[in-house]
Chemist: 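Take this structure first; my questions come after.
Numbers restart at 1 for each chain; the letters A, B, ... are given by sequence-line order, proteins then strands.
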Amino acid sequence: MSSGDSFYITTPIFYPSDVPHIGHGYTEVAADVLARWHRQAGDDTWMLTGTDEHGQKMLRTAAAGGMTPGEWADRLVEESWIPLLDTLDIANDDFIRTTQKRHEDGVQAFVSKLHDDGFIYTGEYEGYYCVGCEEYKQQSELVEGTGPFEGQLVCAIHSKPVELLQERNYFFRMSDFQERLLALYEERPDFVQPESARNEVVQFVKQGLSDLSISRSSFDWGIPIPWDEKHILYVWFDALLNYATAAGYGQDDENFTRRWPAVHIVGKDILRFHAVIWPAMLMAAGVEVPKHVFAHGWLLVGGEKMSKSKLTGIAPEQITEVFGSDAFRYYFLRAIAFGQDGSFSWEDLSARYQAELANGFGNLASRVVAMITRYFDGVVPAETAPTDADLAIRATVTKAAIDADAAMERFAPHEAIAAIWTIVDELNGYITEQEPWVLAKDEAQRERLGTVLYTAAEGLRALATLLSPVLPKATTTLWDALGAAPALGALAEQPLRDAGRWGQLAAGATVTKLAGLFPRIEDPTPAAAPARVTA
RNA sequence: GGGGCGGUAGCUCAGCUGGUUAGAGCAGUGGACUCAUAAUCCAUCGGUCACGGGUUCAAGUCCCGUCCGCCCUACCA
């Protein structure tokens with residue numbers, strides 16, 4: 001991808017009545033790191049996140065709290081979801097709420113077009129309705145009745161029989177798109193990633209698609225169907241459209257053309273909506289389908305999918321309060337292969353923090369800055385004739401930068417970080433072998449000492465740049481300590497795809513005392529209580 | 001029932017289209033060093049690659065079967 005290309009990346013929009021946990025945090029951080037990488041590489045980047053506020057569940061929980069759904073949503077968004085972004089240091093460019101006018105207008109324009117073009121028709125929806133829940137149930141939510149209800153299907157929650165009801169509403173001709181979708185998966189194997197997710201989607205679509213009921217009339221918390229305001233739009237149809245409406249669909253064609261199509265990062269549970277329904281909707285509307293739909297895996301706690309009901313849900317602040325936001329970002333992207341499930345444990349988090357961040361990167365920065373301060377009064381020395389060892393470091397840096405960019409391009413941040421980390425490991429070994437503290441005792445080795453420390457400092461310069469999307473806080477601290485800004489400018493301005501070019505740090509720069517990048521943590525046990533529980 | 005993904009050193013995982021004595025990190029053990037966040041560096045211990053067949057000159061890597069785990073099967077990242 002050449003410099004200046006559009007890179008529009010989205011997270012799913014969250015249902016605000018959930019309590020933010022590290023799974024949400026993981027999604028946000030992954031999208032943010034990819035966005036920061038592309039942005040700093042010079043691509044025309046835009047990152048979108050937001051909240052999905054319509055639907056019966058929101059209506060019901062709001063009512064239970066004596067509020068209107070709008071008030072309830074405002075409160076949750078302000079108290080939980082916006083703060084989550086701050087907790088994790090997310091640099092999103094936009095935050096869309098499906099209750100915003102720009103969204104509702106865009107959605108209405110979209111469904112009107114589909115209606116006008118004949119992709120929507122009136123039909124009868126038939127489904128099992130639970131009076132207790134006041135909603136239609138899927139087969140999976142029903143169980144065989146027992147006792148007096150023997151032989152009947154009952155609601156899993158109320159254990160009472162459900163009724164087979166019919167409702168007149170609107171349907172989207174999704175079945176029309178089966179062949180085109182299959183052709184899409186075939187022609188663009190990287191449309192759905194990773195491979196395992198693609199397989200699931202292809203198999204699913206091959207089994208046949210039915211039309212989708214896209215309106216509801218039993219409650220009114222949603223976007224009205226423009227030609228029949230007694231109906232509101234099915235929440236998923238509404239929610240998926242956020243990716244388009246936020247970019248200006250139907251309202252700001254110039255911006256929409258500039259941003260679209262998007263790259264969607266989603267959890268694998270909502271893969272089908274994004275890889276089947278969403279592209280079908282776009283095809284119907286004559287809009288280009290997304291560039292990619294990437295499904296990441298689950299966080300496993302104790303070998304099982306993390307879940308609130310099993311009390312394995314962990315609030316992001318529990319981690320950031322002890323380890324900091326940088327460590328959160330680093331840990332989840334480094335330790336988990338993006339696209340696969342990953343095990344989370346406090347022990348692993350703590351071990352990686354200590355071994356990799358504190359002892360590896362943090363200590364490296366600390367020892368280099370300390371030696372420049374001690375042996376050169378804080379002035380970065382010039383390098384002279386490089387030896388093979390010095391050249392090996394340069395080669396490592398060059399390769400790491402190339403490999404990291406390639407890995408980020410293919411949605412493999414874990415590999416990108418591993419590639420960058422070769423610099424940390426090589427540099428620590430290099431310093432130990434070159435023994436600058438020995439060179440410092442011999443005035444005749446003055447130039448050699450300067451070259452060794454320049455090499456180390458320049459390596460740190462490259463590290464700061466390459467790691468800034470992952471560790472924005474620590475790398476900024478390091479950038480300041482290296483005294484790099486006066487000659488090179490702000491860290492965020494350093495072109496990432498040029499980070500591997502040797503010799504950027506100016507000799508003569510003044511280093512300053514470096515506060516520990518990742519201080520040792522004496523008591524790495526989580527901040528008491530397990531997950532917070534919703535009211 | 002149908003579908004997807006896994007089962008490789010104590011732990012977390014790499015091993016692409018099959019090819020020399022199966023790798024990494026962490027943990028463990030021994031040593032070196034002192035610039036540094038009691039840190040770093042070197043060495044080393046450690047595996048019947050779930051199980052049973054088969055194809056092949058050659059299989060962790062392909063085929064068949066079995067066992068185990070996780071997930072999806074239309075509104076929880």
Chemist: Using centres under 5.5 Å plus planes under 30 degrees as the test, is A:W437 stacked with B:rC35?
Modeler: yes
Chemist: Within the 4.0 Å heavy-atom criterion, would you say A:P436 contacts the bases, only the backbone, or no part of the nucleic acid?
Modeler: nothing
Chemist: Using the side-chain heavy atoms of A:N359, tell me which of these nucleotides is nearest: B:rU37, B:rC13, B:rU40.
Modeler: B:rU40
Chemist: What's A:S196 touching, base or sugar-phosphate or nothing? Going by heavy atoms closer than 4.0 Å.
Modeler: sugar-phosphate
Chemist: Give the nucleotide from the list B:rU40, B:rC26, B:rC70 with an atom nearest to the side chain of A:R367.
Modeler: B:rU40
Chemist: Hey, does A:Y375 reach any base, or is it just sugar-phosphate, or nothing, if we go heavy atoms under 4.0 Å?
Modeler: sugar-phosphate
Chemist: Indicate, with a heavy-atom threshold strictly under 4.0 Å, whether A:I270 touches base, sugar-phosphate, or nothing.
Modeler: sugar-phosphate
Chemist: Within less than 4.0 Å of OP1 or OP2 of B:rC5, is there a side-chain N or O belonging to A:N199?
Modeler: yes
Chemist: For A:R352, report the nucleic acid contact type (base, sugar-phosphate, nothing); a contact means any heavy atom under 4.0 Å.
Modeler: nothing
Chemist: Would one find a side-chain N or O of A:S343 under 4.0 angstrom from OP1 or OP2 of B:rC13?
Modeler: yes
Chemist: So which one's nearest nucleotide on RNA chain B is more toward 5', A:D348 or A:Q203?
Modeler: A:Q203
Chemist: Name the nucleic acid region contacted by A:S210, choosing base, sugar-phosphate or nothing; use a 4.0 angstrom heavy-atom cut-off, strictly under.
Modeler: base
Chemist: Relative to the 5' end of RNA chain B, which residue comes earlier, A:M371 or A:H296, by the nucleotide with the nearest heavy atom?
Modeler: A:M371
Chemist: Does a side-chain N or O from A:Q207 land closer than 4.0 Å to OP1 or OP2 of B:rC72, or not?
Modeler: no
Chemist: Touch check for A:G362, heavy atoms < 4.0 angstrom, all strands: base, sugar-phosphate only, or nothing?
Modeler: base
Chemist: At under 4.0 Å between heavy atoms, what does A:Y234 touch on the DNA or RNA strands: base, sugar-phosphate, or nothing?
Modeler: base
